[in-house]
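Worksheet: one structure, shown below.
Order of the sequence lines sets the chain letters (A, B, ...), proteins ahead of strands, with each chain counted from 1. Small disclaimer: the values here were computed from a predicted structure and weren't measured.
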Number of protein chains: 2
Amino acid sequence: MKKNKGVPVEQSGPLMADVAQLAGVAISTVSRALANPGRVNEKTRAKIDAAAKQLGYTPNAMARGLRVGKSNTIMIILPGSLYYGASQVIPQVLQSINKSLIKEGYNLMIANLGRDEASERHILDLAFGGTVRGAIILSSKLPEIDGRSLASAGLPIVSMLLDMSDAGLPSVVTNDREAMQDVTADLIRLGHRRFLYLAGPEGNYHDVERYGGVLEALEKAGLSESAVVRSGGNLDYQQGFDIGVQAADDFAGLADKPTAVIATSDDMAISFMSRMQCMGLRIPDDLSVVSFDGSPVCAFCSPPLSTIEQPVEEMGQAAVALLLAAIDRPEQKLEMRNVIRSRFIQRESMAAPA
Amino acid sequence: MKKNKGVPVEQSGPLMADVAQLAGVAISTVSRALANPGRVNEKTRAKIDAAAKQLGYTPNAMARGLRVGKSNTIMIILPGSLYYGASQVIPQVLQSINKSLIKEGYNLMIANLGRDEASERHILDLAFGGTVRGAIILSSKLPEIDGRSLASAGLPIVSMLLDMSDAGLPSVVTNDREAMQDVTADLIRLGHRRFLYLAGPEGNYHDVERYGGVLEALEKAGLSESAVVRSGGNLDYQQGFDIGVQAADDFAGLADKPTAVIATSDDMAISFMSRMQCMGLRIPDDLSVVSFDGSPVCAFCSPPLSTIEQPVEEMGQAAVALLLAAIDRPEQKLEMRNVIRSRFIQRESMAAPA
DNA sequence: TTGTACGCGTTATCAT
DNA sequence: ATGATAACGCGTACAA
């Protein structure tokens with residue numbers, strides 16, 4: 001059943017026509033039997049199913065996509081530099097999202113959004129070329145080039161990890177601010193009065209929220225903003241580990257030493273702790289450390305590292321649910337800010353100051 | 001230019017026909033101008049490019065794919081359980097592969113191969129439904145169900161990390177055996193005579209090669225095979241961290257204590273070290289530890305962990321090169337076993353026995 | 001060098 | 001309930 005008319009035919013499998021022929025029905029009946037099993041006679045449906053199975057028939061996704069004008073692929077846009085901040089959680093995010101998507105009949109395509117034009121163009125081609133039906137974005141910047149912008153692609157987009165509701169994107173985030181406020185309050189309660197804050201890229205959502213949480217806790221406790229020193233922040237596109245190393249140097253240069261460190265990612269906390277210990281400081285005796293992410297490895301640091309665990313699994317599920325809602329019911333208004341609460345895992349890295 | 005004939009029209013962008021009309025040429029000329037810029041008059045090409053840019057035209061990938069009978073999407077098949085073994089390297093692998101693919105005009109789709117039938121079916125649908133043009137697989141098992149098997153999908157497949165040349169798949173691996181032999185020899189040279197080996201899933205390629213390397217080193221040094229005790233191995237589908245924890249218990253139960261530990265992944269080495277130190281052992285004074293993967297975090301363990309670094313970046317590039325070669329020149333025989341040498345990063349976790 | 005016409009595999013409309 | 005047929009958007013022989 002391969003009509004070869006001058007055009008080279010690839011290694012293509014059985015077609016719907018083959019199934020139809022074997023089942024002794026029309027091709028359109030096969031189509032229905034497979035899509036709307038209800039709208040076809042019980043017996044003929046059985047015949048068709050049998051024929052399809054016998055031939056090992058699989059519908060051609062591109063043909064279907066072309067015909068119905070929709071694809072069933074979702075794209076996830078990852079930040080170009082995987083090693084800042086939430087990098088530890090990427091594999092879990094992917095797995096969670098992919099699992100949820102597959103359940104609903106979708107596929108997951110990966111896109112990396114770097115600083116180069118090529119990566120922006122690639123993403124826009126995916127969007128405007130009809131390859132993808134929707135996008136989940138883990139980066140704060142929306143691709144825009146040559147007058148085409150992802151925002152205006154007519155594509156449902158959901159943001160995850162970062163709150164981009166200001167930009168009109170429904171977002172799934174965790175309670176960064178509140179969590180940071182709580183943990184800072186805990187430290188204050190333990191007796192800490194001077195803090196070092198390890199920042200990711202300055203001014204981005206996580207920085208604003210998390211640092212904001214720290215400041216609020218200080219204020220509530222009647223402490224001045226000067227109780228906290230910032231480190232990192234200006235080091236875009238670096239591994240979190242590097243930020244921790246740099247922060248250790250910063251710490252060494254401080255006259256009035258902090259007694260507690262609040263890091264915005266596990267990576268930087270880990271490298272920072274390591275450097276501190278090399279310098280002879282004991283944790284938590286001389287210095288308490290807490291961080292953000294909840295990477296499994298924290299349980300096995302020495303000392304075990306207290307961390308705010310991001311509920312990545314649930315966030316992924318929520319992002320998918322939101323996106324599919326936007327696809328299936330475009331008219332419906334979506335909740336713009338969806339908060340999934342984090343969980344603080346307290347371990348031996350924090351204690352009362354000496 | 002939206003011919004709407006009873007069929008609901010989605011938010012579809014400008015078509016080739018629109019570009020043709022604006023440029024005042026035939027639709028086929030536009031097609032050529034965009035695909036083979038050489039085979040069309042300089043001036044008309046300019047007109048067409050201008051029109052395309054003005055309209056913000058992006059070719060529809062599904063329509064093209066259907067027409068040419070090929071997709072430009074590659075799928076990467078990840079093991080269902082991300083946290084065993086090489087899990088630490090997944091983000092780097094994805095980034096490296098995606099970058100290489102995009103440069104050649106391909107997209108990357110993700111697939112997770114779990115133990116469930118659904119995930120197998122999903123992968124097979126992707127393959128047989130023409131959605132993907134080739135696959136890179138990081139799992140040892142090929143999906144097979146209902147008589148359809150990935151191996152017989154007529155799809156180029158390349159294996160990465162695991163050598164599956166036995167199964168007929170060109171593979172990109174590192175020199176696991178040799179690297180393990182070298183590091184074991186190093187330990188022997190330092191004076192170690194009793195070893196603990198932390199295994200991943202027993203009998204898989206990594207286990208066979210790496211454990212084989214250890215045994216060879218022992219033999220070369222005139223030591224008996226009984227000089228090494230195995231731990232782990234039977235704990236499929238677990239986090240590497242759990243294996244290290246379990247191994248610590250095993251260690252505690254040993255009468256004749258090993259003085260050196262060889263782990264097959266960084267995860268298990270890290271959790272193992274942590275537990276050992278809780279038990280009061282000092283590393284490397286009482287116990288040397290080396291592992292495999294080269295995760296960045298190893299540099300910041302206490303003590304810094306010696307590890308065999310997998311050249312993930314290069315392996316990804318090689319896998320892509322191999323796959324594209326298989327796609328572009330199907331007749332050409334490919335090198336079945338492509339070895340990219342690892343690099344041993346020696347750190348403070350290893351020393352001479354007390 | 002450019003235009004005409006057809007088909008890729010599927011779904012949706014319409015008529016039976 | 002089923003069958004014939006016309007698109008979906010694009011690429012390519014072929015004719016001009």
Side-chain angles (χ1 to χ4, degrees), chain A residues 1-21 23-48 52 55 57-72 125 128-131, chain B residues 1-21 23-48 52 55 57-72 125 128-131:
Chain A
M1 177 51 77
K2 280 173 200 159
K3 292 193 249 172
N4 190 336
K5 196 156 186 181
V7 181
V9 121
E10 287 290 306
Q11 176 70 332
S12 94
L15 272 36
M16 221 167 196
D18 300 294
V19 178
Q21 188 176 17
V25 296
I27 183 171
S28 56
T29 307
V30 176
S31 178
R32 252 171 320 205
L34 269 42
N36 314 38
R39 290 183 38 178
V40 64
N41 187 302
E42 167 67 25
K43 271 196 78 170
T44 50
R45 194 181 53 70
K47 265 195 309 191
I48 290 171
L55 293 174
Y57 171 73
T58 306
N60 183 301
M62 291 193 296
R64 183 207 310 272
L66 176 58
R67 176 61 240 239
V68 304
K70 304 165 162 70
S71 101
N72 62 340
D125 285 348
F128 285 89
T131 304
Chain B
M1 174 54 74
K2 278 175 201 159
K3 293 193 252 175
N4 191 336
K5 196 156 182 179
V7 181
V9 119
E10 286 291 306
Q11 175 72 330
S12 97
L15 270 36
M16 219 166 194
D18 300 293
V19 178
Q21 188 175 18
V25 297
I27 182 171
S28 60
T29 307
V30 176
S31 177
R32 255 171 315 208
L34 268 43
N36 314 38
R39 292 184 37 177
V40 64
N41 186 303
E42 166 68 21
K43 271 195 74 169
T44 49
R45 194 181 53 68
K47 264 195 310 192
I48 290 170
L55 294 173
Y57 170 73
T58 306
N60 182 301
M62 290 193 297
R64 165 182 293 165
L66 178 59
R67 175 62 241 237
V68 303
K70 303 164 163 67
S71 103
N72 61 340
D125 286 348
F128 285 89
T131 305

Rounded interatomic separation in angstrom, taking CG from B:L66 and C1' from D:dT12
14 Å
Quickly work out the B:Q21 CD to C:dG3 C1' distance and round it to whole Å.
16 Å
The correct set of residues in residues 23-35 of chain B placing a heavy atom under 4.0 Å from DNA chain C is B:V25, B:A26, B:S28, B:T29, B:R32
Do you know which two heavy atoms are closest between A:P14 and A:L55, and how far apart they sit?
CG-O, 3.4 Å
Could you tell me how far apart A:R67 (CZ) and D:dC8 (P) are, to the nearest whole angstrom?
8 Å
Can you tell me how far apart NZ (A:K47) and CG (A:N41) are? Round to the nearest 0.5 Å.
9.0 Å
Nearest heavy-atom approach of A:V30 to A:V25 is CG2-CG2, 3.8 Å
Between atom CG of A:N36 and atom OG of A:S31, what is the distance when rounded to the nearest 0.5 Å?
8.0 Å
Nearest whole Å is fine: how far is D:dC10 C1' from B:N72 CG?
14 Å
Whole angstrom value for the distance that separates P of C:dT10 from NZ of A:K70:
18 Å
Which atom names give the shortest non-hydrogen contact between B:T131 and B:S71, and what distance separates them?
O-OG, 2.8 Å
Separation of C:dG7 P from A:N60 CG (nearest whole Å)
18 Å
Quick check for you: to the nearest 0.5 Å, what is the distance between A:R67 atom CZ and B:L66 atom CG?
12.5 Å
Of the residues in residues 36-44 of chain B, which ones touch DNA chain D at a heavy-atom distance under 4.0 Å?
none
Contacts of B:R45 and A:Y57 projected onto DNA chain C by closest heavy atom; the upstream (5') one is B:R45
In whole angstroms, how far is the C1' atom of D:dC8 from the CE atom of B:M62?
9 Å
First locate atom CG of A:L34, then atom CZ of A:R45, and finally report the distance between them rounded to the nearest 0.5 Å.
10.0 Å
Determine all donor-acceptor pairs shorter than 3.5 Å in which one atom belongs to a side chain in residues 58-65 of chain B; sequence neighbours excluded.
residue, atom, partner, partner atom, Å
B:T58, OG1, A:R148, NH1, 2.6
B:N60, OD1, B:M62, N, 2.8
B:N60, OD1, B:A63, N, 2.8

For A:M16 and C:dG9, what is the distance between atoms CE and P respectively, to the nearest whole Å?
12 Å
